[in-house]
Asker: 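Got a structure for you, questions after.
Values below: all heavy atoms of this structure, side chains included; hydrogens, waters and symmetry mates excluded.
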Amino acid sequence: MKLLIATHNQGKVREYRELLAGLPVEITYLDELGITQEVEETGHTFYENALQKARAYAQISGLPTWADDSGLEVDALNGAPGVRSARYAGPGATDEDRCRLLLQQLTHVPPEERTARFRCVVAIVWPDGRQVTTEGQCEGLIVASPRGENGFGYDPVFYLPEKGRTMAELTPKEKNAISHRGQAARRARVKLDAVLTPEEAQNQVEKQGKNPC
Ligand code: ITT
């Protein structure tokens, strides 16, 4: 089975290369298929948007398609930027612009009130309509100034008290082990098997080199 990982975000692509290693399916990406279309995200929840993206790219590609919608919820901002995390600072803005705007908006919020979480919903949709969804989330605090070079997006401003570091100060492996995306991806890997047709399941077994009997 060929599975399309449908994201234009290179930070997500890097993480999925590691998170999906060893999955007994042939993985492909939008770039490899030359798919440049953007799918508009009109939903009000991560769940709606993840399904919207996976359905649209499954139709475009004709392949089972994995998409995620993810973002940062900050309690002092009533859950913003939330589903608007990618669009928070307007069109053409960079990750640095978005982090800067977020820190500006929190200038007067004391450290103990800067609670936040990353959330991720993974949706896998088949062109025939089968679908799987899973979620993951990761709690932390927003720091006063960015730290770290790894990861992407809001990672430099997202502090993990139990690690004593920001998400951008973790190695890719450490991030995947605890992140919202890592959790959702591991759950999706488990669920994937349950929705395969007998034929697809048989192919997977053969790819893994196991004898089903
Ligand atoms: P695709 O829709 O093509 O996958 P996107 O970047 O537009 O790419 P989203 O709509 O899901 O994806 O927006 C997610 C935004 O939330 C992303 O651009 C980051 O700003 C932020 N984000 C999500 N996961 C993150 C992570 O692991 N670390 C830091 N920021 C993250």
Side-chain angles (χ1 to χ4, degrees), residues 4-19 28-61 65-109 114 116-123 136-138 140-159 166-170 172 175-176 179-181 184-185:
L4 169 63
I5 310 301
T7 177
H8 290 294
N9 181 320
Q10 292 310 308
K12 290 187 189 181
V13 168
R14 282 196 300 275
E15 292 181 9
Y16 278 128
R17 285 196 194 283
E18 191 169 310
L19 285 166
T28 187
Y29 292 87
L30 291 174
D31 288 354
E32 283 170 9
L33 299 183
I35 297 174
T36 53
Q37 284 110 305
E38 298 273 354
V39 169
E40 224 196 321
E41 295 173 27
T42 55
H44 298 289
T45 62
F46 294 112
Y47 177 82
E48 285 171 2
N49 283 334
L51 272 174
Q52 206 169 19
K53 283 190 258 189
R55 282 182 185 141
Y57 288 114
Q59 288 309 311
I60 293 169
S61 66
T65 299
W66 172 309
D68 90 42
D69 199 55
S70 46
L72 179 68
E73 289 180 347
V74 179
D75 293 323
L77 301 176
N78 297 317
V83 291
R84 297 193 63 256
S85 291
R87 293 161 275 157
Y88 183 48
T94 62
D95 281 346
E96 290 71 30
D97 296 332
R98 286 183 277 274
C99 286
R100 198 175 313 115
L101 175 62
L102 181 71
L103 295 184
Q104 267 169 19
Q105 301 209 321
L106 293 174
T107 311
H108 300 295
V109 179
R114 298 168 78 111
R117 70 206 52 76
F118 275 124
R119 291 186 53 203
C120 176
V121 173
V122 164
Q137 68 177 52
C138 180
L141 295 166
I142 305 301
V143 287
S145 50
R147 277 169 28 196
E149 304 295 329
N150 297 333
F152 67 95
Y154 298 91
D155 284 343
V157 297
F158 190 84
Y159 180 76
T166 66
M167 200 72 116
E169 292 176 311
L170 302 185
K175 178 178 173 184
N176 282 340
S179 76
H180 49 311
R181 182 165 299 101

Asker: So, the side chain of K12 versus the backbone of D68: is there a donor-acceptor pair under 3.5 Å, distance only?
Answerer: yes

Asker: Within a strict 4.5 Å, meaning less than it, do heavy atoms of the Q137 and E73 side chains meet?
Answerer: no

Asker: State whether the side chain of R98 and the backbone N or O of A93 hold a donor-acceptor pair below 3.5 Å, judged by distance alone.
Answerer: yes

Asker: Side chains of I5 and V13, heavy atoms from C-beta outward: is any pair under 4.5 Å?
Answerer: no

Asker: Under 4.5 Å between any side-chain heavy atoms of N176 and E15, yes or no?
Answerer: yes

Asker: Measure across L4 and S61 and return the closest heavy-atom pair with its distance rounded to 0.1 Å.
Answerer: CD2-OG, 3.6 Å

Asker: What heavy-atom pair brings G151 and R14 nearest, and what distance separates the two atoms?
Answerer: O-NH2, 3.7 Å

Asker: When you look at CD of E32, are more than 12 heavy atoms from neighbouring residues, nucleotides or ligands closer to it than 6.0 Å?
Answerer: yes

Asker: Does the side chain of L103 come within less than 4.5 Å of P146's, by heavy atoms?
Answerer: yes

Asker: If we ignore hydrogens and angles and just use 3.5 Å, is the side chain of R114 paired with the main-chain N or O of V109 as donor and acceptor?
Answerer: yes

Asker: Between the side chain of H180 and the main-chain N/O of V121, is any donor-acceptor distance below 3.5 Å?
Answerer: no

Asker: State, to 0.1 Å, how close D155 and N150 come at their nearest heavy-atom pair, and which atoms those are.
Answerer: CB-O, 4.2 Å

Asker: Counting only heavy atoms from other residues, nucleotides and ligands, does the tally under 6.0 Å from CZ of F152 exceed 12?
Answerer: yes

Asker: Does R147 make a cation-pi contact with Y159 (under 6.0 Å, within 45 degrees of the axis)?
Answerer: no

Asker: Looking at L30, is its backbone amide N or carbonyl O close enough to the side chain of Y57 to form a donor-acceptor pair, meaning the two atoms are under 3.5 Å apart?
Answerer: no

Asker: Are any of the side-chain heavy atoms of L72 and F118 separated by less than 4.5 Å?
Answerer: yes

Asker: For residues A116 and D75, report the shortest heavy-atom separation together with the two atoms involved.
Answerer: N-OD2, 4.2 Å

Asker: Can you name the closest pair of heavy atoms from N49 and T42 and give their distance?
Answerer: OD1-N, 3.5 Å

Asker: With side chains defined as the heavy atoms from C-beta onward, is the minimum distance between C120 and F46 less than 4.5 Å?
Answerer: no

Asker: Answer whether the closest heavy-atom distance between the side chains of I35 and Q37 falls below 4.5 Å.
Answerer: yes

Asker: Given side chains that start at C-beta, do those of R181 and Y16 come closer than 4.5 Å, heavy atoms only?
Answerer: yes

Asker: Closest heavy-atom contact between A6 and T65?
Answerer: CB-CG2, 3.6 Å

